[in-house]
Amino acid sequence: MKRIFLIAFVISTGLFLSCEKDDSLDPLPVKVSGQFARLDITNKVLKGINPTATNNFTQAETDASFFGGLLTSPSGKISEYKLYVKRRDGFGISSEFALVKTITSFPTELKVYESDIATALGLDPAVIGYGDEYYFYAESFDAAGKMANYFSLSATVQGAPGMKQAYRYRTTSQDKNYFDNPANLAEYDNYVNP
């Protein structure tokens, strides 16, 4: 009886070890080796003033509020990072993407204020704010000018928030009631539908 179990174990182990993945059958997209930008988001949502609410931030608090976090180039191969933004207002009307920041040193603390967004989009800062969604798109370049963007990433990296890719993400502007509930910030996902 022990021989039967031993023979079955040896055969199954041999079959298991002889199976190798054939990389030629894996349809991965074209990759840009090593040119990956990572964003560890620390400020997920901008502070805004809700004109119909009584519990609001002050103007100074909203002016000091920013979206951002630590932007890094893990491989050290990125020489330039260009960040674009578009706005979708509370009525669902979207703008086109516009360049909001160009970064050339890493690591750096990425900070995007509503005033930066207004300037990039050519808008009066008074017309943007509470309830708006801001969508970001980025491109990174190495010293030779080779570009990487969201579509250079594998599908796994594109869809995994834990990978913290810095090429496509979003934020919003919310009032004090939103910030008073810690679960709102915990549940807000900057990578959903960017």
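Since we're looking at a predicted model, the values are computed, not measured. In what follows, every heavy atom counts, from backbone to side chain, and hydrogens, waters and symmetry copies are set aside.
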Using modelled atom types only, decide if a donor and an acceptor are shared between the side chain of [X] and the backbone of [Y] within a distance under 3.5 Å.
| X | Y | value |
| --- | --- | --- |
| Lys176 | Asn55 | no |
| Asp142 | Lys77 | no |
| Ser65 | Leu46 | no |
| Gln35 | Lys146 | yes |
| Thr104 | Glu80 | no |
| Ser173 | Gly131 | no |
| Thr102 | Lys82 | no |

Which heavy atom of [X] sits nearest to which heavy atom of [Y], and what is that distance?
| X | Y | answer |
| --- | --- | --- |
| Lys101 | Lys111 | CE-O, 2.7 Å |
| Ala166 | Leu71 | CB-CD1, 3.7 Å |
| Tyr135 | Arg170 | CD2-CB, 3.9 Å |
| Glu61 | Lys47 | O-CD, 4.2 Å |
| Glu114 | Tyr134 | OE2-OH, 3.4 Å |
| Glu96 | Lys86 | O-CB, 3.6 Å |

Quick check on the hydrophobic clustering: are [X] and [Y] connected, directly or via other members, by side-chain heavy-atom contacts under 4.5 Å?
| X | Y | value |
| --- | --- | --- |
| Tyr169 | Phe151 | yes |
| Val112 | Tyr84 | yes |
| Tyr137 | Ile103 | yes |
| Leu83 | Tyr113 | no |
| Phe66 | Leu99 | no |

Among Leu121, Val100, Val85, which residue satisfies the side chain to side chain contact (heavy atoms under 4.5 Å, CB included) criterion with Asp116? Val100
Interatomic spacing from [atom1] in [X] to [atom2] in [Y] - rounded to 0.5 Å:
| X | Y | atom1 | atom2 | answer |
| --- | --- | --- | --- | --- |
| Asp175 | Thr62 | CG | OG1 | 12.0 Å |
| Asp132 | Ser94 | CG | OG | 10.0 Å |
| Ile117 | Thr171 | CD1 | OG1 | 7.5 Å |

Does a side-chain heavy-atom distance below 4.5 Å link Leu70 with Glu109?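 In contact.
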pair Gln174-Asn184: side-chain heavy atoms closer than 4.5 Å: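 Side chain of Gln174 against side chain of Asn184, heavy atoms only: no contact under 4.5 Å found.
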Side-chain ion pair, Asp40 and Lys164, N-O less than 4.0 Å: yes
Out of the candidates Phe67, Phe97, Tyr191, Tyr150, only one should pair with Phe136 under the ring pair (Phe, Tyr, Trp, His ring centres under 6.0 Å) rule; please name it.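 It is Phe67, the one option of Phe67, Phe97, Tyr191, Tyr150 that forms the ring pair (Phe, Tyr, Trp, His ring centres under 6.0 Å) with Phe136.
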Between Tyr167 and Asn149, do the side chains contain an N or O donor and an N or O acceptor separated by less than 3.5 Å?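 Their side chains do not contain a donor-acceptor pair, so the 3.5 Å distance test is not met.
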Apply side-chain contact (heavy atoms from CB on, under 4.5 Å) to the pair Gln59 and Ile49, showing each step before the final yes or no. CA-CA 8 Å; Gln59 188 62 49; Ile49 297 175; 3.5 Å; yes
Is the ring pair Tyr81/Phe106 parallel, tilted or perpendicular, if the boundaries are 30 and 60 degrees? perpendicular
Going by the angle between their ring planes, with limits at 30° and 60°, are Tyr188 and Tyr178 parallel, tilted or perpendicular?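 Ring orientation of Tyr188 relative to Tyr178: perpendicular.
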Criterion side-chain contact (heavy atoms from CB on, under 4.5 Å) on Gln165 and Leu39, from CA distance to verdict: CA-CA 6 Å; Gln165 54 84 12; Leu39 179 61; over 6 Å; no
